[in-house]
**Q** 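So that we are looking at the same thing, I have put the structure below in structure tokens.
Model, not experiment: these values are computed from the prediction. Whatever order the structure lists them in is the order used to number ligands and atoms, beginning at 1. Keep in mind that the numbers below use all heavy atoms, side chains included, and drop hydrogens, waters and symmetry copies.
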Amino acid sequence: MEINLVSFCEISRGESNILNRRRAQLIRPEIQALSAYHVPDADDFIKLDAMENPYSLPDELVRQWLAVLASVPLNRYPDPGAKQLRNRIRDYMEVPPGYEIILGNGSDELIQIIAMSVARAGQKIMAPDPGFVMYKMIATFVGMDYVGVSLKDDFSLDMPAMLEAIQKQQPAVIFLAFPNNPTGNLFAENDIVEILNAAEGLVVVDEAYHPFACTSFMNRLNDFDNLLVMRTVSKMGLAGLRLGILAGSEILLNEFDKVRLPYNINVLTQASALFALEHAAEFETQAACIREQREWLFDQLSALSDLDVYPSAANFILVRLKNGGADRVFDGLKKAGVLIKNLNAVGGMLAECLRITVGTAEENKIFLKALKNVL
Ligand SMILES: *Cc1c(COP(=O)(O)O)cnc(C)c1O
């Protein structure tokens, strides 16, 4: 009997695989053509690949945080509008009076909410290239066209090309990461202003790296009615929470809020973020350490003749191997227990480029030593 059952299951699994391969044709061709967002296994590595804050919280703060979590009612749905947290964030991030914020499950979800809200056939999302990969991926998810406009060789905005593309394509949304990922530089503020003036659609200034950049468009919301400013708590040290923030005109945010799933910010995230904001000074101290380490690492890398090192206002540094060998260097570092991001396969302007997230002083020293060994 058992043997029969097993073989019956196998036959039936084989048949259902055939059926599902056929059903997979229901999936839109552009989705079938995607490869899933890949995150490498990082167990036991010194992890300098994902722009995470390398510091954890002091034990005493962890104890207090756990006490807060213990009192969170898990049996209840979260506050759907996360009102208390939103008010606290609005103060902390100095959102100008008269402007609203909505929260996302990471800023990735906010990009998705914006895209879903404007998606219709033929509408476009535009961003400079190379840029943050999720803009393009999410455009594809929602069936929009993506228009990438190449940056100049120094990764500054190619303004004639940007303005021409805006004029010609009339994008519904332009995303400008400020500073840009994976290049690390801040675009010239004048250029962004020019884009804001030229665009009839929405312009999202994505300030994911705000704690390391020390500049912002938040205080300019009043100057441009098409401006939205996006932030996240991920890069400041709470990547595990998944919390993004979108600030802008109430008229626009009310529309986006209709697309947001009602309980997208769970109770643990709401309570933890409130706790973190009460202890914001701790995160600001950590960001200051990272900025200091970034300068140290920049100087050290710049002294190596094999590398072009690009200026960064973020918590990572992009380098290019002048004489090639990025894959070999990446593999060598991995063998030495250090995981960074290899961008060589992206090609184009990122050929032979590696991106290193700034770690603790100790991690950065270990990385540098390993790098010198493999160069
Ligand atoms: C990391 C990153 C994000 C994603 O942030 P999450 O809040 O973790 O989803 C958004 N934009 C840019 C430019 C990033 O580098």
**Q** Determine whether Ile138 and Tyr146 make a side-chain contact, defined as any pair of heavy atoms from C-beta on separated by less than 4.5 Å.
**A** no

**Q** Which part of Arg242 is near ligand 1, with near meaning a heavy atom under 4.0 Å away: side chain, backbone, both or neither?
**A** side chain

**Q** Counting only N and O atoms by type, is there a donor-acceptor contact under 3.5 Å from the side chain of Ser302 to the main-chain atoms of Phe298?
**A** yes

**Q** Which residue owns the protein heavy atom closest to atom 15 (O) of ligand 1, what's the atom, and how far is it?
**A** Tyr209 OH, 2.6 Å

**Q** Measure the distance from atom 2 (C) of ligand 1 to every protein heavy atom, then report the residue, atom name and distance (to 0.1 Å) of the closest one.
**A** Lys235 NZ, 2.5 Å

**Q** Looking at atom 5 (O) of ligand 1, what's its closest protein heavy atom, distance included?
**A** Ser107 OG, 3.0 Å

**Q** With salt bridge (charged side-chain N to carboxylate O under 4.0 Å, His left out) as the test, pick out the partner of Arg220 among Glu189, Glu94, Glu207.
**A** Glu189

**Q** Just which atoms of ligand 1 are under 4.0 Å from any heavy atom in Gly106?
**A** 7 (O), 9 (O)

**Q** Would Asn181 count as being in polar contact with ligand 1, using the rule that some N or O on each side must be under 3.5 angstrom apart?
**A** yes

**Q** Within the 4.0 Å heavy-atom shell around Ala177, which atoms of ligand 1 are there?
**A** 13 (C)

**Q** Which atoms of ligand 1 are found less than 4.0 Å from any heavy atom of Ser234?
**A** 6 (P), 7 (O), 8 (O)

**Q** Could you check whether Asp327 and Asn344, counting side-chain N and O atoms only, form a donor-acceptor pair closer than 3.5 Å?
**A** yes

**Q** Just need the protein heavy atom nearest to atom 12 (C) of ligand 1, so name the residue and atom and give the distance.
**A** Asp206 OD2, 3.4 Å

**Q** Under a 4.0 Å heavy-atom limit, does Asp108 contact ligand 1 with its side chain, its backbone, both, or neither?
**A** both

**Q** If you group Ile, Leu, Val, Met, Phe, Trp and Tyr by side-chain heavy-atom gaps below 4.5 Å, do Tyr310 and Ile356 land in one group?
**A** no

**Q** Count the heavy atoms belonging to other residues, nucleotides or ligands that lie under 6.0 Å from CG of Asp299, then report whether that count exceeds 12.
**A** yes

**Q** Return the orientation label for the Tyr209 and Phe316 ring planes: parallel under 30°, perpendicular over 60°, tilted otherwise.
**A** perpendicular

